[in-house]
Amino acid sequence: MPTPESKKKSRKKPPAPGGPPSSGVVACWEDDPGDPTVPPPLVPIQVPAPNQSATPLPYKISGAAPAVNVYQAGTLQFRYYAAAAALRRTADFWGGIVPSGTVWNIGKVLPVALDSGVDLNAFYTRGDGGDSPGLHFFHDTVSGTVYFSGESPDVVCHEMGHGVLDAIQPQLFDAQTIEAPAFHESFADMSALLSALQVPSFRAKILSDTGGVINRSSRWSRLAEQLGFAIRVGHPDAVDPDCLRNACNSFFYTDPQQLSPNAPASQLSSEPHSFSRVFTGAFLDALAGVFQTLGGDNDANLVQTAQDGARILIGGVLAAPVVPDYFSQVAAAMVQFAEGAPFNGKYRDVLKGAFVRKGILSLQAAATISGVPKQAVRSMVAAVSRAPELPRVALSAAAYGLTKSVMTVRLAGGIKRLGVTGAAASGSSEPRGAQSAAESYTEDLFQRGHVDVGEHGSPTGGLTHPFGLKTHKIVEEKGELVLMRITFDCGFDHGRRLP
Ligand SMILES: [Zn+2]
């Protein structure tokens, strides 16, 4: 049914000349537009025209909105509403889950730029790197066809997920440890998964395609098939064979500091998108367990699964301190949070099982997590929410060819509340020090060429990777060099972003 807003909007803006009369609905995709080499082509659905401001987490796509109408896929107008509908779905969903009063880190309204130039990419930024704050999407030509990352609900809901996490746990943005950005990427993918579950026709397909075993590989678990295809043409091993990343995977947690900074998609590396797959895989398994606990089988239980899974996830994020082994802290906090009302421990075994099977919680850790009274969980959430900014620490910059010998970073120096760790192949992994984690992640960033050193690079000793996408930059504050994050980039940096 059209919303009152969309009716009002459709009266205000008549349909394009020659087009069919508007009925207050627009056409959009259920989830990703799909890999163009895999038939049959997907069929758009129709939804009420999305109002961008009448949601708890408002957003604004730059430029004028096309007249409300059902447009053909492939048109500029269709792409606009494909993005607008996906964003509204995500904003409405998270708006009902996050603490009331939550606002974007960058202001009351999240700005969205649907085409910021040529790249196979998309990113969220606070606006410190020269791009305007908010979400940015791009386009590029592959095998004669132009692909727009902003057309994919998987990509769009992923990007808004970064914004949601930055709103509720801003410490993660700059925390200098591999598991902070890896969790950001995982949360963004989990946001895409949960948002897709808000589409009734897509829920029916998931139930049909998976036979009710929702952690099987499916259109749902395969994220960003179209962008994955576009990247695969030029870089066959950079993405999965059938999508950008598949939440249905068998990656097992290992200390990311022991991993190489890059690897083919079939292997785990310390690169945040790659390492994020461990947590996303565990979450998919946890959702499947929640669904079965609820009785499985039907649409209502799938809706409830998304609600309960998201509430537990947010409860875990709000209670977990930012430390190097952050995955295990979030997992343990989720298990504890689910001990309280309204869940009262009914998901205990499926949550523990999912995190133990992926090695995010060691067996010993899972055994030590016990229920805590609801009030205690509330006070823990409040304590973390009030936590001050992460401390800054000086790292040696000698190896990075900068003009000074040290630079400062934000240390993942939160205070651990639970002495849990992840598993390694040979048992429980040793907790890592925050300083060591910062040094390791910093080295990764420079090796991948993601740091814009600007005027602070030594004229002869620096290695600047001039055409690589920069997620971080070096700035000077009070005579000190500071390494700071600019963006979470989410596609594939092939070094030719153009305006
Ligand atoms: Zn991302």
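Atoms within a ligand are numbered from 1 in the order they appear, just like the ligands themselves. Computed from a predicted model, the values in this text were never measured in an experiment.
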Novice: Before we go on, tell me: are the rings of F355 and F279 under 6.0 Å apart, centre to centre?
Specialist: yes

Novice: For a distance under 2.8 Å, tell me if H273 has an N/O/S atom near the Zn ion (ligand 1).
Specialist: no

Novice: Within 45° of the ring axis of F202 and under 6.0 Å from its six-membered ring centre, is that where the NZ or CZ of R219 lies?
Specialist: no

Novice: Mark yes or no: R485 above the aromatic ring of F488, with NZ or CZ under 6.0 Å from the six-membered ring centre and no more than 45 degrees from the axis.
Specialist: yes

Novice: Between D189 and R245, is there a salt bridge with N-O shorter than 4.0 Å?
Specialist: yes

Novice: So that I can check it, does any N, O or S atom in H184 come closer than 2.8 Å to the Zn ion (ligand 1)?
Specialist: no

Novice: Where the Zn ion (ligand 1) is the centre, what is the OE1-to-NE2 angle for E185 and H162, rounded to 10°?
Specialist: 100°

